[in-house]
Amino acid sequence: MIKSFDEVLEKVRSNGIKKVAVAVAQDEPVLEAVYEAKKLGIADAVLVGDKDKILYCAKTLNIDVSDFEIIHESNNQAAALKAVELVSSKKADMVMKGLVDTATFLRAVLDKEKGLRTGKILSHVAVFDVPALQRIILVSDAAMNIAPDLMTKKQILENAVQVAKAIGIDTPKVAVVAAVEVVNPDMQPTLDAAALSKMNDRGQIKGCIVDGPLAIDNALSEEAAKHKGIVSIVAGKSDVILVPNIETGNVMYKTLTYTSNSKNGGILSGAAAPVILTSRADSNESKLYSIALASLVAANK
Ligand SMILES: CCCC(=O)SCCNC(=O)CCNC(=O)[C@H](O)C(C)(C)COP(=O)(O)OP(=O)(O)OC[C@H]1O[C@@H](n2cnc3c(N)ncnc32)[C@H](O)[C@@H]1OP(=O)(O)O
């Protein structure tokens, strides 16, 4: 089982070089990440975006991008679609979000003709290496599905489990979180959590152990679970945190990013090819880890 992002970087070096199509590449952290990925022998890149701005960013960073193919497209929507199309037409292996808002990027990924649909739900999986927890946790969905219903949550859960398995967690423990750890009919997330847990008991969700509802304290801390008298294999040992909606996931993602000294990467799961999706404000390091994560998951499909 992989215990840190440094191990992810090490492992994917043997997977061979993948070509990343970057959507709206005029962004310093993105350029630094793809430059570093190339240096490490993980990935090459096609930079789609405003060529003058891309070259200006590269000059500011003092990095040489002359080895990368640049496709000039100054319109963000068109650049996102072009980058996605490079992947769906197999001219690149994975697509990465650059300096473009998430909804525009995701609409290109979902494009009926040129996109990366599979007929399944696509969802975002964030992987955090949190020093205080001394383990890797996955958080889903912080970025794509806004207010998933029960069956969408089931697919989001299964997508996250697939990523967990790719990083070597054979039977991931999934905590379906809510505001409380008891079923309250006035709180829909607690009802969905209980249903997902029972679906797992009855074999409708396989390959993982699901428990919920759990509040985030007892999902993450054994001590908190013990204190509240919760007896559960998942409590305090969760690998995957399934959040009830995008607000919860996004707040958790950004709180962990800015306060926990953690390392993180983010990708979409369920698409026809790897999709690298981080926040525009995330560091170049996080973008590099996301490229490595995408490569690892692709190799395990
Ligand atoms: C974590 C760090 C990064 C961030 O901080 S991200 C910030 C927050 N995220 C966002 O702002 C994006 C949130 N999501 C959205 O805006 C929207 O759901 C999204 C993905 C753009 C799609 O919205 P719309 O374009 O309005 O489309 P829609 O809901 O009417 O659906 C259009 C077609 O796409 C399909 N679709 C939508 N979401 C899907 C999914 N998750 N998996 C698979 N298919 C999906 C949907 O079924 C529909 O298909 P069809 O056209 O009926 O065949």
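Worth knowing before you read on, the calculation uses all heavy atoms, side chains too, and leaves out hydrogens, waters and symmetry mates. Indexing begins at 1, ligand by ligand and atom by atom, following the structure's order.
When non-hydrogen atoms are compared, ligand 1 lies under 4.0 Å from the backbone of K120 (N, CA, C, O) but not from its side chain. Only the side chain of L110 comes within contact range of ligand 1, with a heavy atom under 4.0 Å; no backbone atom does. Of all the heavy atoms of I246, the ones lying under 4.0 Å from any atom of ligand 1 belong exclusively to the side chain. If you look at I146 next to ligand 1, the close heavy atoms, those under 4.0 Å, all belong to the side chain.
Inter-residue side-chain proximity for K3 and R135 is flagged as unmet; no heavy-atom pair is nearer than 4.5 Å.
Those atoms of ligand 1 that come under 4.0 Å of a heavy atom in I121, given as number and element, are 42 (N), 43 (C).
Here K154 pairs with E158 in a salt bridge; the nearest charged N to carboxylate O distance falls below 4.0 Å.
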(request) Apply the test salt bridge (charged side-chain N to carboxylate O under 4.0 Å, His left out) to residues D93 and K19: give CA-CA distance (whole Å), side-chain angles for both, the deciding distance (0.1 Å), then the verdict. (result) CA-CA 5 Å; D93 302 298; K19 190 167 266 190; over 6 Å; no

(message) Is there a salt bridge (charged side-chain N to carboxylate O under 4.0 Å, His left out) between D6 and K263? Walk through the geometry before answering.
(response) CA-CA 10 Å; D6 293 327; K263 295 179 174 178; 3.7 Å; yes

(request) Give the C-alpha distance, both sets of side-chain angles, the deciding distance and a yes or no for salt bridge (charged side-chain N to carboxylate O under 4.0 Å, His left out) between R117 and D111. (result) CA-CA 8 Å; R117 288 186 186 217; D111 186 86; over 6 Å; no

(request) Run the numbers on K226 and E223 for salt bridge (charged side-chain N to carboxylate O under 4.0 Å, His left out), then give the verdict. (result) CA-CA 5 Å; K226 210 165 137 195; E223 184 129 0; over 6 Å; no

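Put simply, atom 32 (C) of ligand 1 has no protein non-hydrogen atoms near it, under 4.0 Å away. Atom 25 (O) of ligand 1 lies below 4.0 Å from at least one non-hydrogen atom of the protein. For atom 15 (C) of ligand 1, a protein non-hydrogen atom is found at a distance below 4.0 Å. Checking atom 29 (O) of ligand 1 against the protein gives no heavy-atom contact under 4.0 Å. Distance check for atom 50 (P) of ligand 1: a protein heavy atom is found below 4.0 Å.
A donor-acceptor contact shorter than 3.5 Å is absent between the side chain of K51 and the backbone of V48. With hydrogens and angles ignored, the 3.5 Å screen pairs a side-chain donor or acceptor of Q155 with a backbone N or O of I121.
Taking distance alone, with nitrogen or oxygen atoms compared against 3.5 Å, S279 stays at or beyond that limit from ligand 1. Considering backbone and side-chain N/O atoms, A103 never comes within less than 3.5 Å of an N/O atom of ligand 1.
With respect to atom 9 (N) of ligand 1, the closest heavy atom belonging to the protein is A143 O, 2.9 Å. The nearest heavy-atom contact from the protein to atom 11 (O) of ligand 1 is T102 CB, 4.4 Å. The nearest heavy-atom contact from the protein to atom 4 (C) of ligand 1 is N250 ND2, 3.6 Å. With hydrogens left out, the protein atom closest to atom 42 (N) of ligand 1 is L122 N, 2.9 Å, a heavy atom. The protein non-hydrogen atom at the shortest distance from atom 5 (O) of ligand 1 is K254 NZ, 2.8 Å.
Qualifying ring-ring contact (aromatic ring centres under 6.0 Å, His included) partners for F105, counting only residues two or more places apart in sequence or in other chains: none. The ring-ring contact (aromatic ring centres under 6.0 Å, His included) search around F128 returns Y253, not counting sequence neighbours.
Remark: among candidates R117, M144, R107, K112, the nearest residue to atom 48 (C) of ligand 1 is R117, based on non-hydrogen atoms.
Note on V275: it does not cluster hydrophobically with I291, by side-chain heavy-atom contacts below 4.5 Å among ILVMFWY residues.
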